[in-house]
Protein chains: 2
Amino acid sequence: MASEKIIYQDKEFNCSLAFTLQLIGDKYKSLILFHLKEGPQRSGELQKSITDISNRMFTYSIRALEKDQLVKRKVYPVTPPRVEYELTDAGKSLIPIILKLDQWGQEFARNHYLYAPAE
Amino acid sequence: MASEKIIYQDKEFNCSLAFTLQLIGDKYKSLILFHLKEGPQRSGELQKSITDISNRMFTYSIRALEKDQLVKRKVYPVTPPRVEYELTDAGKSLIPIILKLDQWGQEFARNHYLYAPAE
DNA sequence: CCGTATCCTTAGGGATACTG
DNA sequence: CAGTATCCCTAAGGATACGG
C-alpha cells in the first residue's frame with residue numbers, strides 16, 4: 001500500500017494520480033514530452049512543432065519539465081546560440097502512457113465522428 | 001495516418017493528444033473517473049472520495065464528463081433524491097491508462113523521496 | 001537564435017447561500 | 001441529498017517588446 005501522502009512544492013497529494021497531474025496535467029507539458037519522443041530537438045524546432053503555443057508558455061513549461069527532471073537541456077556555446085532538449089529516463093518512461101492517451105483520443109474522435117472531412 | 005484535424009466544440013485540434021487533454025486533462029476529471037473504477041457510486045460518496053473538491057467544481061466536472069459520454073447519470077425518483085454515477089464503456093476504456101498514470105506518479109515520488117514519513 | 005520581462009485578458013476554481 | 005447561483009479571487013495564458 002502506498003497510501004501515504006506525497007509532498008511536493010508545499011502541496012500535499014493524497015493520491016498519486018493527482019500528483020502526476022500536477023506534473024504533466026496541464027495544457028502543454030505532455031505535448032512537449034510527446035514531441036520529444038523521437039530524440040533531442042532544437043529549441044526552435046520543438047516550439048514550432050507545437051502549434052499554437054506562445055513563446056511565454058513554451059519557456060514556462062519547458063523550465064518546469066526541466067526542474068522536475070523530465071527533460072534535459074543542452075547548451076552549445078556558439079553564436080547564434082544552439083539549445084537542445086531531450087527526454088531524461090523519467091521523461092521517457094512517460095512516453096508509452098502518453099502514446100496511449102493519444103491513441104485513445106484518436107479512437108474516441110473516430111467513434112464520435114469528430115474528424116474534419118478531408119479536402 | 002490520422003493527421004486530419006479534430007473539431008470539437010468549435011475548437012480545432014491537430015493532435016489527438018491535445019484533444020484527449022481537452023476532455024480529461026484538467027485537475028479533477030480523471031480523478032473522478034478514477035474513483036468510479038470499482039462501479040457505480042452515489043453522488044455524495046463520490047464527491048467525498050475526492051478530497052478538496054468544491055461543490056461547484058464537482059458539479060461542473062461531472063456534467064462535462066456526462067456530456068462527453070464518459071459517465072452515465074442515474075436518478076432514482078425518491079425523496080430525498082438519490083443519484084448515482086457510473087462509467088460508460090468509453091469511460092471504462094480510459095481506466096487502464098489512468099491507472100498507469102497513477103502508478104507512474106507513485107514511482108516517481110518514491111524515486112525522488114517525496115513521500116511524507118509515516119507517523 | 002534563445003530567452004526574459006511586462007502588460008493584460010480570460011478561465012479555473014473556492015466559498016457561501018439557497019431551492020426542490 | 002443533490003444541485004444552482006452568485007460573488008470573488010487567483011493563476012493560466014496570449015501579445016508584444018526587448019536583450020545577450
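Proteins get letters first, then strands, A, B, ... in listed order; numbering begins at 1 in each. Because the structure is a prediction, the values reported are computed rather than measured. Side-chain atoms are counted along with the backbone in the values below, which use heavy atoms only and exclude waters and symmetry mates.
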- Query: Taking all atoms of both residues into account, what is the closest heavy-atom pair of A:Y115 and A:R110, and its distance?
  - Reply: CE1-N, 3.8 Å
- Message: Does A:Y60 have more than 12 heavy atoms from other residues, nucleotides or ligands lying within 6.0 Å of its OH?
- Response: no
- Span of DNA chain D in contact with chain B (heavy atoms, under 4.0 Å): D:dC1 to D:dT6
- Note on the structure: Per-nt protein contacts along nucleotides 6-20 of chain C (heavy atom under 4.0 Å; B base, S backbone sugar-phosphate only, - none) come out as B------BBB----B
- Query: Does B:Q22 reach the side chain of A:K27, with side-chain heavy atoms less than 4.5 Å apart?
  - Reply: no
- Item | Axis bend over the full length of the helix from C:dC1-D:dG20 to C:dG20-D:dC1, computed from five pairs that close each end, to 10 degrees | 40°
- Task: Mind checking A:Y85 for me? I need base, sugar-phosphate or nothing, with any heavy atom below 4.0 Å counting as a touch.
- Result: sugar-phosphate
- Item | Centroid-centroid under 6.0 Å between B:Y8 and B:F19 rings | yes
- Message: Quick check against the 3.5 Å criterion: does A:T20 have a side-chain atom that pairs as donor or acceptor with the backbone of B:L101?
- Response: yes
- Write down the atom of A:L87, the atom of A:K37, and the distance for their closest heavy-atom approach. CD1-CA, 4.0 Å
- Task: Respond yes when some side-chain nitrogen or oxygen of A:R42 is under 4.0 Å from OP1 or OP2 of C:dC2, and no when none is.
- Result: yes
- Tell me what A:S43 touches on the nucleic acid: a base, only sugar-phosphate, or nothing, going by heavy atoms under 4.0 Å. sugar-phosphate
- Using a 4.5 Å cut-off on heavy atoms from C-beta on, say whether the side chain of B:C15 contacts that of A:F34. yes
- With B:L46 as partner, the option from B:V83, B:V71, B:I62 fulfilling side-chain contact (heavy atoms from CB on, under 4.5 Å) is B:I62
- Query: Got more than 12 heavy atoms from elsewhere within 6.0 Å of NZ, A:K100?
  - Reply: no
- Query: Is there side-chain contact between B:H35 and B:I50, with heavy atoms separated by less than 4.5 Å?
  - Reply: yes
